[in-house]
Amino acid sequence: MSEITAKAATILKQYMSPILTDPIMEAAVLRSGVDPDNIRMGDGSRLVRVLKQSCKLFVRNSRDYAKCCKDLDVLLTEAMAGSSVDSTVVTIKEERDIVVARATGRDMCEEIGFPISVRIGVATVISELARNIHQYAKTGNIVLSLMKGERGGIEVFAVDDGPGIPFIEEVLSGRYKSKTGLGQGLLVVKKMMDEFEVSSALGEGTKIRVRKYLDARR
């Protein structure tokens, strides 16, 4: 079993252990191909996507399912690790973790050769995303991935299982005026990076993935 599949098995056991004690449910799990002890799929990204879809059938508690998906999302980023990607996960729980995430991202940008102006910009983006996690979700992860392929760069993946962002489309359009300033912060993040993706739903947390390339063509 590869390192990625072993980690997936650990995550699934954590959230699926209550149903695996039921013989009928255990048999259903085996038929679904989500058996934590018998994962043979080699491709990490495909593995995690399939497990997330299948796990939804068996993890009935919505909060546990959201946490399971968060853990699998981090694993999905780790699955890309290798010759083309180096990843570091910074867990955001306290104010000082924001500083750690910012400094880590700035150092990674320097390593790959970004000019100082871009390093400062990426560090600002990381601070904004980490601060949002700390302020609104209380805890979450910032996953920093250094891309070393044809188009080198850095990816910042912010994930939490907090309350989610209401009116996400209005927020990104600039029409929504938040008293806390969340909307303006995300617009700045989107403007400063080359790629921006966000997924958020009330009660299910938020996932934001942004990328900055050495070659900045879109």
Side-chain angles (χ1 to χ4, degrees), residues 3-4 6-17 48 52 55 59 61-81 85-111 119-146 154-166 168 171 178-186 188-190 192-193 196-212:
E3 182 180 359
I4 293 298
K7 289 181 179 180
T10 300
I11 291 172
L12 288 175
K13 283 181 178 179
Q14 176 183 351
Y15 293 103
M16 295 175 64
S17 56
V48 172
K52 285 177 68 174
C55 194
V59 181
N61 183 288
S62 59
R63 180 166 288 276
D64 283 348
Y65 175 67
K67 290 180 179 178
C68 184
C69 285
K70 181 187 72 172
D71 291 345
L72 288 172
D73 278 324
V74 173
L75 182 63
L76 178 58
T77 299
E78 292 181 358
M80 297 186 298
V85 176
D86 291 330
S87 297
T88 299
V89 180
V90 180
T91 298
I92 307 299
K93 291 183 178 180
E94 303 176 3
E95 188 82 20
R96 62 186 178 185
D97 297 325
I98 300 171
V99 178
V100 172
R102 177 187 177 97
T104 302
R106 187 176 58 240
D107 290 346
M108 292 173 75
C109 285
E110 183 177 5
E111 176 185 341
R119 279 181 256 160
I120 293 172
V122 171
T124 300
V125 164
I126 293 170
S127 289
E128 178 67 26
L129 295 177
R131 195 169 299 282
N132 283 347
I133 289 175
H134 183 257
Q135 182 174 352
Y136 299 103
K138 306 306 179 187
T139 185
N141 288 319
I142 295 289
V143 185
L144 303 169
S145 300
L146 206 56
I154 188 169
E155 177 184 274
V156 183
F157 179 40
V159 56
D160 66 67
D161 59 350
I165 305 173
I168 186 64
V171 167
S178 167
K179 294 181 180 179
T180 61
L182 173 62
Q184 292 301 312
L186 288 183
V188 169
V189 168
K190 183 178 181 181
M192 294 181 71
M193 302 299 277
F196 177 95
E197 299 174 9
V198 60
S199 172
S200 186
L202 289 178
E204 297 182 10
T206 300
K207 301 177 183 68
I208 299 174
R209 189 186 304 272
V210 295
R211 289 178 173 178
K212 191 70 176 179

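Hydrogens, waters and symmetry mates are skipped; everything else that's a heavy atom, side chains included, is used.
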Where do Val143 and Thr88 land on the side chain to side chain contact (heavy atoms under 4.5 Å, CB included) test, with the steps shown first?
CA-CA 6 Å; Val143 185; Thr88 299; over 6 Å; no
Run the numbers on Val188 and Glu128 for side chain to side chain contact (heavy atoms under 4.5 Å, CB included), then give the verdict.
CA-CA 9 Å; Val188 169; Glu128 178 67 26; over 6 Å; no
Does the side chain to side chain contact (heavy atoms under 4.5 Å, CB included) test come out yes or no for Val210 and Leu129, once each step is laid out?
CA-CA 10 Å; Val210 295; Leu129 295 177; 4.3 Å; yes
Which is it for Ile120 and Arg106 under the side chain to side chain contact (heavy atoms under 4.5 Å, CB included) test, yes or no, and what are the steps along the way?
CA-CA 7 Å; Ile120 293 172; Arg106 187 176 58 240; 5.9 Å; no
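Contact annotation: the side chain of Asn132 never approaches that of Ile165 to less than 4.5 Å [non-hydrogen atoms, C-beta and beyond].
The side-chain contact (heavy atoms from CB on, under 4.5 Å) test with Val156 is passed by exactly one of Ile208, Ile142, Val189: Ile142.
Not counting sequence neighbours, the partners of Lys93 by the side-chain contact (heavy atoms from CB on, under 4.5 Å) test are Thr91, Asp97, Thr139.
Nearest heavy atoms, Thr206 versus Ser200: OG1-OG, 2.8 Å. Closest non-hydrogen pair, Ile133 versus Ala158, comes out as CD1-CB, 4.1 Å. Nearest heavy-atom pair, Arg119 versus Cys109, reported as atom, atom and distance to 0.1 Å: CG-CB, 3.4 Å. Taking each heavy atom of Leu144 and Gly105 in turn, the nearest pair found is CD1-N, 3.6 Å. Summarising the geometry of Ala123 relative to Arg102, their closest heavy-atom pair is O-NH1, 3.4 Å, with the distance given to 0.1 Å. Looking at every heavy atom in both residues, Ala137 comes nearest to Gly162 through CB-CA, 3.7 Å.
Separation of atoms CD (Glu95) and NE2 (His134) is listed at 5.5 Å; rounding is to 0.5 Å. Put simply, NZ on Lys138 and CD1 on Ile92 are 14.0 Å apart, with the number rounded to the nearest 0.5 Å. The distance from the NZ atom of Lys207 to the CG atom of Asp160 is 8.5 Å, given to the nearest 0.5 Å. Between the CD atom in Glu204 and the CG atom in Asp161 there is a gap of 11.0 Å [rounded to 0.5 Å].
A donor-acceptor pair under 3.5 Å links the side-chain atoms of Lys212 to the main chain of Met192, judged by distance alone.
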